[in-house]
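Structure, as structure tokens:
Just so it is clear: chains get the letters A, B, ... in the order the sequence lines come, proteins before strands, and each one is counted from 1. Any value given below was found using the heavy atoms of this structure, including those in side chains, with hydrogens, waters and symmetry copies removed.
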Amino acid sequence: MTASVQTTPRAGVEVRLEDLTRRYAGVTALDGLSLTMAPGELVALLGPSGCGKTTALRLLAGLEEADGGRVVIAGKDVTDVPANKREIGMVFQAYSLFPHMTAMQNVEFGMQLHDVDAPERRKRAGDMLDLVGLSGHTHKYAIQLSGGQQQRVALARALAIEPKVLLLDEPLSALDAKVRSRLRDEIRRVQLEVGITTLFVTHDQEEALAIADRVGVMNAGHIEQLGPPTAIYSRPATAFVAEFVGLTNRLAGIVKGGEVEVRGTRLPLVKPDSTEGPAIALVRPEAVSVVSDGDMSPGPLTGSVISTVFLGATSRVSVDLGDVTVLAQMPTSAVGAITAGTKVRLSLRTDPVLIARDEKAATEA
Amino acid sequence: MSRSRRAKLQVFRVVTFVLFGAFFAGPIWFMFEFSTRGIGENSPRTLDAWKAISTYPDLVAGIVASLELAVITSIGVLVVLVPTMVWVRLRLPRLRRVIESISLLPLTIPAIVLVVGFAPMYQWLGTNFSDSILTLSLAYAILVLPYAYRALDAGLAAIDVKTLSEAARSLGASWPVVMWRVIVPNISSALLNAGLLSVALVLGEYTIANNLLYPNLQVEIVSLGRTSAGTSIAVAVASLLFAFVLLVALSFVGGQRGGRRRTRERLVQTFGRDFSGGTR
């Protein structure tokens, strides 16, 4: 699949979305979104349905008009430039190959519109299909290709016109898990090989964290946090990001003196100036460890195991503490003989945590 | 499917075909029989009535006018309706139901009532623009609207118009290119159906043309029937056969287009390459 093909690496261009606003019938889909993408960078916009990530991509593509703000590509304001003149390649969530054309004709289509002469067009289309590992499928129609193959042809078609920017609108969401993971790596390989600035929209956090140079987590029409995948996961800036990206235990506690006391353990706060009083501490499963020997007398962090889930190098253990179930993720080798029903004691690593305000749960603390 | 079930289905098909064939062919046969009768008892069969068709210049003019009207109406309706329906699907999806309801109105309004509405318009057209019979295509475009709309709507529903057009736009296609190179090839069967229905309806239209005093084919047939019943019936049979041949020919063209693609797909599946050559 990873064919060795001569492609012309391009110097990517800078892309800026400046204070973009978009409303639909009174509902604000984008609320002053700003984002700068460095040349050749792959940025993933990640967020739940309706957060505005696809709207941002469509405004960049020119498929919709912004109510406010600017789109700047390679230093040129393209806010009022129609979609067909923006020099943007796009791969859609839905299968978008033209059904009456073969894979080759699909890839050639954009180049025909750009007046590339026939021999050059055919050579480049062949190269692009090679690049995505489909050189043996050039004369097939969309109906004869699998979902993954169709999306790869769509990627080849988008790249064939040598666009300034590549937009990927949840291109993997219609595929099964195995194909999705393989094609995700394929997209990243091609993107790095071609060196094109790319915006990737997805609601799948694993996809975003695996593929992107930077991830922008979106909520209610704006970016909550933008940063490298590791920073998004390990240093979430807001409670929303902490809860949306990765698994999080919500443990009731009391904020006092720049710390939060959770079930007898004092944890430092990411934001030490948080208001004092009841709060919910957001604790990652990796920050929870399980001990199954020693003193098991009743306490705030002792309970019984509900289940263990084998994840490969790590395992996830669910522990019932009576009033709350806590997830702990630890090396599989350390799980040992812990099985459902085992009495265990938890300990919380004193990493800085974020807090969420949730009056009902906090009161129960 | 078991062999006995397949055999039963085959018998059912043949019986249905024969029954309906007789139902439709019977009247045409008797019309043909009438148009070939000689004058007087025990006279031999004759094609005099058929030979006389070309000797009636008004009738020939009516035939030509109806054919021209069929072509103009079909093309006009498709040129207006296809971009409009695509645009509504892309930009104004909430208006779809409204447009659909409006397009169905001509079905619910009797032709004679439509004529009452058309009369002042044609009076104005005749005075200020043209009194050519070809202006009837405006009225006919409204008349064929429900049929053409339904056929095109089914065709557009079968493809993802939004994604295909946005994909084409992102590749650099202008709207006319999107229509001509992406939408139209993928709804060719629907276009053909809409065109067939329009042609059939225009060739058989009488009420509006007669009441607006335009001598189309059907008006001339009725007029001729008063003086030469045999020739009138001969023309009616000829026009029915013409419409039938046209429908079969166009269906054959449609089948060929689909068939060529299917053949090509089969070749690709079997041999891993396309031997049929050429691009569409």
If you measure only the distance, is there a donor-acceptor pair under 3.5 Å linking the side chains of A/D130 and A/S135?
-> yes
Counting only heavy atoms closer than 4.5 Å, note whether A/A61 contacts chain B via side chain, backbone, both or neither.
-> neither
Greatest number of heavy atom pairs closer than 4.5 Å to chain B - which of A/R157, A/E87, A/R86, A/H114 = A/R157
So what's closer than 4.5 Å to chain A heavy atoms on B/V178: side chain, backbone, both or neither?
-> neither
Below 4.0 angstrom, N of the basic side chain to O of the carboxylate: do A/D117 and A/R122 qualify?
-> no
Which one of A/L168, A/L63, A/L199 satisfies the side chain to side chain contact (heavy atoms under 4.5 Å, CB included) criterion with A/M90?
-> A/L63
How would you list, by chain and number, every residue that makes a side-chain hydrogen bond (donor to acceptor under 3.5 Å, both in side chains) with A/T79, sequence neighbours excluded?
-> A/D77
Proximal component of A/Q93, with respect to chain B [non-hydrogen, under 4.5 Å] | neither
Which answer fits A/L97, side chain, backbone, both or neither, if we ask what part of it has an atom under 4.5 Å from a heavy atom of chain B?
-> backbone
Got more than 12 heavy atoms from elsewhere within 6.0 Å of CH2, B/W180?
-> no
